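Working notes for the structure below.
These numbers were taken from a predicted model, which means no experiment stands behind them. First listed ligand is number 1; within each ligand, the first listed atom is number 1.
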Amino acid sequence: MTNKTIGIVIFILVIITGIFAFMNRNLVKDKSEALHNAEIIIKQGENETKIGFDDIKELGEVEFYATLDTSTTDPKDYKYTGVPLINILKKLEIDTENKKQLIVRGIDGYTVAFSIDEVVDEDNIYLVYKMEGKLLKSKEEGGSGPYQLIVRKDQFSQRWCKFVVEMEVR
Ligand SMILES: Nc1nc2c(c(=O)[nH]1)N[C@H]1C(S)=C(S)[C@@H](COP(=O)(O)O)O[C@H]1N2
Ligand SMILES: [Mo]
């Protein structure tokens, strides 16, 4: 082989290694997001639709602080990342007029209810997927996610439904 041929072979190998490194980088990223691509079911009468993380995170992501206050812990502020709940209903074209309530359920059967007046308030109820900048873990992993409701205007945290899997407009 001439020096020129060796040069070309090395060049090609370097390019291939680079391509693999690049593909791998994207795979790692895809994997952590895919693990999080849980869906929420939204019911309205006979109709049932679903929405997943890829769509949810495009609905006006905000970061904010809210005070977690439970019966066993002192009030503490945490940074949450999520979207206003009303944006999800708007995106799915779910009509809130002539409706009274929104019911939200967690995977453990925990259920909370909101009046439609509370639901249309853009700065009260958020569907959150990060706490302190990290994706919420599932119930099995010891977290409160992958989705959790945060109700900023509630004094206590009873209605902060953890492990949200289903919502229903009535
Ligand atoms: N899915 C689900 N969400 C829930 C609960 C629950 O048992 N299941 N407990 C509620 C109560 S009473 C409080 S105070 C807050 C925070 O509870 P934690 O401190 O036990 O996480 O979550 C609320 N959301
Ligand atoms: Mo509680």
Side-chain angles (χ1 to χ4, degrees), residues 30-96 98-170:
D30 283 355
K31 209 178 163 198
S32 66
E33 296 227 329
L35 281 175
H36 193 269
N37 203 18
E39 288 181 314
I40 297 177
I41 298 171
I42 291 123
K43 292 182 178 174
Q44 181 188 214
E46 305 284 275
N47 295 333
E48 218 179 272
T49 43
K50 285 180 184 173
I51 189 162
F53 185 56
D54 292 342
D55 292 323
I56 291 172
K57 68 174 197 255
E58 302 302 325
L59 299 177
E61 184 176 271
V62 268
E63 278 189 349
F64 58 92
Y65 284 85
T67 313
L68 176 68
D69 194 356
T70 78
S71 52
T72 51
T73 61
D74 285 334
K76 191 171 186 315
D77 277 10
Y78 290 98
K79 186 176 87 180
Y80 293 98
T81 309
V83 300
L85 179 69
I86 186 65
N87 291 2
I88 296 176
L89 302 184
K90 281 183 186 160
K91 162 83 178 174
L92 298 175
E93 295 177 350
I94 290 173
D95 180 26
T96 47
N98 308 314
K99 295 291 189 321
K100 292 196 177 75
Q101 280 192 313
L102 179 83
I103 315 289
V104 181
R105 285 185 204 98
I107 204 165
D108 57 347
Y110 193 81
T111 304
V112 295
F114 299 97
S115 72
I116 289 300
D117 287 348
E118 291 178 293
V119 171
V120 298
D121 179 347
E122 294 182 358
D123 190 30
N124 188 23
I125 313 174
Y126 289 85
L127 187 80
V128 158
Y129 40 83
K130 283 184 187 172
M131 183 185 187
E132 301 294 328
K134 286 189 190 139
L135 290 174
L136 296 179
K137 290 182 173 159
S138 67
K139 188 169 187 287
E140 301 88 72
E141 295 165 323
S144 61
Y147 303 111
Q148 177 178 14
L149 279 197
I150 301 289
V151 192
R152 293 184 84 177
K153 294 178 183 173
D154 276 6
Q155 193 190 346
F156 299 108
S157 315
Q158 295 99 296
R159 294 200 298 173
W160 291 22
C161 190
K162 302 185 279 186
F163 336 117
V164 173
V165 287
E166 196 179 285
M167 301 191 225
E168 185 174 356
V169 187
R170 285 189 192 157

Inset, instruction - Mind telling me whether Phe64 and Tyr126 have parallel, tilted or perpendicular rings, with 30° and 60° as the class edges? - result: tilted
Legend entry - Lys139, Gln158, Lys162: member with heavy atom nearest to atom 3 (N) of ligand 1: Lys162
Legend entry - Polar contact flag for Ser71 and ligand 1 (N/O pairs, less than 3.5 Å): no
Legend entry - Closest approach of any protein heavy atom to atom 16 (C) of ligand 1, naming residue and atom: Thr70 CG2, 3.6 Å
Legend entry - Nearest-neighbour protein heavy atom for atom 24 (N) of ligand 1, which is reported as residue plus atom name and distance: Trp160 O, 2.9 Å
Legend entry - Side chain proximity check, Tyr110 to Gln158, heavy atoms < 4.5 angstrom: yes
Inset, instruction - Please could you name the atoms of ligand 1 that Phe163 approaches to less than 4.0 Å, counting only its heavy atoms? - result: 1 (N)
Legend entry - side-chain contact (heavy atoms from CB on, under 4.5 Å) against Lys79, all qualifying residues, sequence neighbours excluded: Glu63, Tyr65, Glu132
Legend entry - N/O donor-acceptor pair under 3.5 Å between Tyr147 side chain and Cys161 backbone: no
Legend entry - Main-chain N/O of Val165 paired to Arg105 side chain as donor or acceptor, under 3.5 Å: no
Legend entry - Heavy-atom gap Ser157 to ligand 1 smaller than 4.0 Å: yes
Legend entry - Donor-acceptor contact below 3.5 Å, side chain Ser157 vs main chain Asp69: yes
Inset, instruction - Tell me which protein heavy atom sits closest to atom 10 (C) of ligand 1, plus the residue, atom name and distance to 0.1 Å. - result: Tyr110 OH, 3.2 Å
Inset, instruction - Please report which non-hydrogen protein atom sits nearest to atom 8 (N) of ligand 1, along with the residue it belongs to and the distance in Å to one decimal place. - result: Asp108 OD2, 2.7 Å
